[in-house]
Amino acid sequence: MITKEEIVEILKGVTHPETGQNIVEGGILQDVEIGMEGVVITLNFRRKRDPFAKSVATRAKMAVDAACDLEVQIISKEGEDAPKPRQHEGVARVKNIIAVASGKGGVGKSTVTANIAVELHKLGYCVGVLDADIYGPSQPKLFGVEDYAPWAEKYEGLDYIIPAESNGIKINSIGFYINPGDALIWRGPMATNALKQLINQTLWGELDFLLIDMPPGTGDVQIAVAENLHLTGALIVSTPQQVAVADVVRGMKMFRTQGVEVPVLGVVENMAFFTPAELPNNRYYIFGRGGARIMAENEDVDFLGEIPLIQSIAENSDNGTPVALGSAEEEKYYAEVCRKIVEKVIKEC
Ligand code: ADP
């Protein structure tokens with residue numbers, strides 16, 4: 001006779017089309033009971049009116065039917081829409097929180113975050129940046145505040161961290177608290193707890209936009225950050241290269257996972273092409289052409305623009321003066337992406 005464990009194993013072959021996760025690991029399978037009457041499988045879709053509930057239930061029944069002679073009954077439950085987590089005082093007066101994410105490290109996510117923050121500030125918004133990239137915190141360097149020693153202040157009886165400030169932008173970074181290299185040995189829960197503290201215990205005050213420079217990838221740490229904040233949306237950064245693009249698709253799926261459900265504002269293609277200073281009309285597509293734009297179309301998300309690979313962008317980052325602070329030609333690429341983000345947030349979020 002078939003066992004409960006064998007049925008669970010079979011159900012691991014049934015995936016939810018939206019999240020791509022199997023129903024066991026995705027937490028949809030709630031219970032399996034084997035009795036005299038047959039098998040009763042309870043699925044809990046956790047949110048109301050899951051459009052895939054019926055097809056998932058049918059496929060689960062078919063899979064178990066094929067493996068045993070017992071009568072198989074599926075009970076499908078709907079949950080309430082997940083309650084949004086309570087906002088902690090630290091971010092209580094932040095109007096929009098945007099996660100800047102990438103599938104891979106090194107695609108320019110931090111550089112895009114810093115320059116978009118500058119552009120938002122130029123438009124007159126109050127802006128903060130939270131550097132949650134435990135694997136390579138670079139906002140302190142990008143904004144020239146590496147030497148900042150964070151301190152705490154009491155607010156309504158609780159201790160809060162006062163963020164650094166550079167060019168009118170408030171910055172707090174995991175980099176202020178760890179030695180370079182330590183993050184690599186951090187286990188998931190340790191990193192997650194540290195980030196939760198940073199999120200909730202920074203005194204951001206009144207902000208129009210808080211940008212979160214997320215760690216690359218799609219692990220527990222990233223999910224915890226997304227779940228612990230009432231995110232307005234996610235901005236995805238990719239290079240045009242195929243391998244980076246594949247990782248990004250996984251990253252976007254994470255934001256669409258049940259329980260996380262953060263709108264993807266769009267995709268920015270960084271290092272889209274290279275133009276040497278001495279040949280200003282030439283474009284060299286070093287990492288391939290338009291890969292991120294095509295991926296955005298395929299995934300049905302907006303393409304927010306391309307940023308070329310330009311030496312001054314890297315140089316200014318190293319100097320602690322994001323290129324968007326100036327008015328050089330390259331600044332207009334970030335300005336254009338920023339304009340689209342503001343438009344989307346104001347219209348849709
Ligand atoms: P990530 O946050 O994705 O790890 P970074 O923003 O740290 O990536 O960028 C990785 C490296 O690429 C840095 O040295 C940065 O200065 C450089 N870089 C990023 N974007 C550009 C660009 N558009 N042009 C030139 N260099 C860039």
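Indexing begins at 1, ligand by ligand and atom by atom, following the structure's order. Starting from 1, each residue takes its place in the sequence as its number.
Within the 4.0 Å heavy-atom criterion, neither part of D213 lies near ligand 1. Counting heavy atoms closer than 4.0 Å to ligand 1, residue I310 contributes backbone atoms (N, CA, C, O) but none from C-beta onward.
The option from V237, I313, V323 that lies nearest to atom 21 (C) of ligand 1, judged by heavy atoms, is I313.
The shortest N or O to N or O distance between V112 and ligand 1 is not under 3.5 Å. Considering backbone and side-chain N/O of S110, one or more are found under 3.5 Å from N/O of ligand 1.
Within ligand 1, counting atoms from 1 as listed, the ones closer than 4.0 Å to a heavy atom of T111 are 5 (P), 6 (O), 9 (O), 15 (C), 19 (C). Annotation for ligand 1: atoms under 4.0 Å from non-hydrogen atoms of P308 are 22 (C), 23 (N), 24 (N).
S173 places none of its side-chain heavy atoms less than 4.5 Å from the side chain of Y148.
Shown here is E329, whose CD atom has no more than 12 heavy atoms of other residues, nucleotides or ligands within 6.0 Å.
Test N96, V94, I169 against F209 for side chain to side chain contact (heavy atoms under 4.5 Å, CB included) and you get one pass: N96.
There is no path of hydrophobic side-chain contacts, each under 4.5 Å, that joins I294 to I307.
Within 4.0 Å of atom 8 (O) of ligand 1, at least one protein heavy atom is present.
The backbone N or O of V323 sits less than 3.5 Å from a side-chain atom of N115, completing a donor-acceptor pair.
Remark: distances from the non-hydrogen atoms of G136 to ligand 1 are all 4.0 Å or more.
Ionic pairing of R289 and E269 is not present here: no N-O contact between side-chain nitrogen and carboxylate oxygen is shorter than 4.0 angstrom.
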